[in-house]
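One is the number of the first residue; the rest follow in order along the sequence.
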Amino acid sequence: MIGRTPPAVVLDGAALAGSPLLTDGTVDAVAVPVAPAGPGDEGVQPRPGSAQAAARYGVDLAEIAERVHLTGAAGEAYVLQLPRPVGSAVVLPWSDLPPRLVLVGVGDGTPGDLRRAGAALARATRGLGRVVTTLGAHRGQSASDQATAARALTEGFLLAAYTPPTAATKSSPETPPAELVLLERDGGRAGAAVEAGRVAAQATWLARDLATTPSSTKNPAWMADQAVRLATAAGLDVDVRGPRELEAGGFGGILAVGAGSASPPRLVTVTYTPSTGGRGAGVRHVVLVGKGITYDTGGLSIKPREAMVPMKTDMTGAAVALATVLGAAQAGVGHQVTAVLPLAENHFGGASYRPGDVLRLFGGTTVEIANTDAEGRLVLADALAWADATLDPDVVIDVATLTGAATLGLGKQHAALYGTDDDLVAALADAGERSGELAWHMPLVDEYEEAVRSDVADLRHVPSDKHIGGGSITAALFLRHFVGQRRWAHLDIAGPARATADRHEVTEGATGFGARLLLQYLTDLT
């Protein structure tokens with residue numbers, strides 16, 4: 001089922017030493033934090049709860065850490081399994097305690113370190129029922145810092161607890177993630193932070209589920225159906241335009257890209273309006289446009305076989321936009337949010353669009369086609385122009401797995417961030433830092449405008465001169481022509497949208513990158 005719920009994270013105000021959970025038989029493991037040695041220290045350093053746990057279990061944490069080469073770095077984890085006494089009258093110090101003690105490195109205790117710690121704990125305890133932990137708690141911590149720590153730990157745990165859905169008929173039973181109990185002294189503010197972390201993680205789970213679904217199932221109609229189902233359940237407004245409405249509306253880019261496929265395109269809008277109503281004092285309208293290519297063969301400019309394999313994830317931008325508007329509703333953000341999802345399958349056939357064609361996009365702009373494998377910017381251009389003309393947004397943000405050039409320039413850890421408004425760009429970059437989904441501000445180089453000039457149309461959608469380079473920049477320059485005078489930003493997530501292996505809170509395959517960043521931006525927006 002698309003739209004699964006992550007495991008529970010529960011707050012308990014008891015201290016580790018006094019928590020009744022430790023002896024009531026419902027807890028399978030106790031996780032305690034350790035940190036790297038500081039100046040003048042020897043070995044790893046215990047953090048709140050570690051010393052009490054060591055005393056209750058009767059173990060020497062320093063000796064264990066040295067034996068297993070635990071340094072306290074963020075993301076390390078070691079499970080100490082303690083045998084129960086059988087047939088003995090001797091009552092050991094830990095005989096009534098959970099049978100596992102998990103040592104987890106928290107590094108410097110920054111939000112990024114605690115996300116890694118939470119992720120390591122999720123992987124180390126998968127298959128257990130319940131885990132109690134003091135991770136993130138520090139003596140002398142302010143309530144605000146405690147809440148930030150609790151959220152980071154929650155996000156890391158839930159994000160790493162994700163497993164992709166499978167269609168295998170003979171797979172082994174899924175090993176479910178554990179329930180996490182956080183021992184926190186201030187349940188009020190920390191409780192709100194934990195809920196915010198859970199909402200962000202659930203949005204990422206949804207984006208991952210959608211992007212992971214194979215394209216034999218996931219065509220434009222299927223994606224539209226999922227949007228309708230999820231939006232309706234959340235009480236949001238949703239609208240779907242099919243081929244007939246797209247033709248009548250002049251959406252030449254979406255129609256051309258989808259023309260070669262047996263699965264016709266769609267344009268979906270999902271709108272969340274806060275309880276205070278639409279436009280008003282302090283209420284902004286933010287439009288999120290997500291590239292929704294449900295499979296990309298490259299069209300007539302066909303991709304090599306190897307490059308096609310991950311193309312079921314080429315609709316990640318649409319998945320992120322949908323997950324964000326649903327998350328915004330769940331979090332009750334104070335701004336109106338509309339997700340616009342242009343959905344098409346870029347296939348090839350007798351009706352395929354061709355290099356050399358001239359398309360007329362929404363609003364009348366004509367575009368010369370040079371490469372049918374640069375289809376994403378065409379569907380985005382239609383959707384952006386339509387949003388500018390009909391939705392009257394205060395802010396427009398598009399998100400897309402758009403260019404290999406962004407991956408070459410920034411690798412797999414950063415999205416390429418472009419924009420026409422310095423404050424908007426700064427806010428998105430800050431939201432990336434705070435959420436752990438990093439975005440690097442890239443320039444819109446005006447001197448490269450010649451790359452999108454055409455002799456036979458208003459614009460050319462890819463450069464004719466290969467020596468210009470800057471493929472991610474020229475794609476952004478092309479999109480800029482379709483946003484009017486709106487405050488606009490473009491997130492090229494081609495690099496971080498996919499991962500080849502699990503790494504901390506990122507899971508192998510579709511990562512759902514962007515949902516947490518955008519939710520953080522919407523939460524912070526004033």
Side-chain angles (χ1 to χ4, degrees), residues 215 219-221 241-267 291-312 314-315 317-318 342-386 400-405 449-469 471-472 474-479 481-482 494:
S215 296
N219 59 25
R241 288 172 171 80
R244 192 171 298 174
E245 293 89 349
L246 294 173
E247 181 72 37
F251 292 88
I254 299 173
L255 288 166
V257 171
S261 173
S263 301
R266 300 286 191 276
L267 179 70
K291 172 187 169 185
I293 302 300
T294 58
Y295 193 75
D296 184 16
T297 66
L300 293 181
S301 306
I302 193 165
K303 293 178 182 289
R305 179 190 63 82
E306 295 82 0
M308 284 194 212
V309 173
M311 284 300 104
K312 67 181 181 180
D314 206 24
M315 38 55 68
L343 307 171
E345 183 177 81
N346 189 27
H347 220 295
F348 54 86
S352 292
Y353 76 122
R354 297 153 294 210
D357 283 358
V358 172
L359 307 180
R360 187 176 298 275
L361 274 54
F362 183 91
T365 300
T366 56
V367 176
E368 178 189 3
I369 302 303
N371 178 358
T372 65
D373 195 21
E375 80 298 327
R377 65 199 72 182
L378 294 173
V379 300
L380 288 174
D382 259 352
L384 288 168
W386 177 78
T401 51
L402 201 62
T403 67
E449 261 293 323
E450 64 181 279
V452 297
R453 292 177 187 152
S454 170
D455 294 329
V456 298
D458 295 322
L459 296 169
R460 180 183 169 100
H461 87 311
V462 296
S464 58
D465 183 356
K466 295 181 180 179
H467 299 292
I468 291 176
S472 180
T474 56
L477 289 171
F478 175 81
L479 294 177
H481 285 269
F482 297 90

Qualifying residues under ring-ring contact (aromatic ring centres under 6.0 Å, His included), relative to Tyr353, sequence neighbours excluded: none

Over 12 foreign heavy atoms within 6.0 Å of CD, Glu245: yes

Check: Leu267 and Phe362 side chains under 4.5 Å, non-hydrogen atoms: no

Geometric class of the His461/Phe478 ring pair [parallel <30°, tilted 30-60°, perpendicular >60°]: perpendicular

No-hydrogen, no-angle side-chain donor-acceptor test under 3.5 Å, Thr294 and Asn219: no

Flag, side chain of Thr372 to backbone of Leu300, donor-acceptor distance under 3.5 Å: yes

Nearest-0.5 Å distance that lies between atom CE in Met311 and atom OG1 in Thr401: 7.0 Å

Criterion side-chain contact (heavy atoms from CB on, under 4.5 Å) on Lys312 and Asp314, from CA distance to verdict: CA-CA 6 Å; Lys312 67 181 181 180; Asp314 206 24; over 6 Å; no

Stepwise side-chain contact (heavy atoms from CB on, under 4.5 Å) check, Met315 with Leu343: CA-CA 8 Å; Met315 38 55 68; Leu343 307 171; 5.5 Å; no

All pairs passing salt bridge (Lys or Arg N to Asp or Glu O under 4.0 Å) where residues 256-266 contributes a residue, at least two apart: none

Non-hydrogen side-chain atoms of Met308 and Ile302 separated by less than 4.5 Å: yes

Distance in Å, Glu375 CD paired with Ile293 CD1, rounded so as to fall on 0.5 Å steps: 4.5 Å

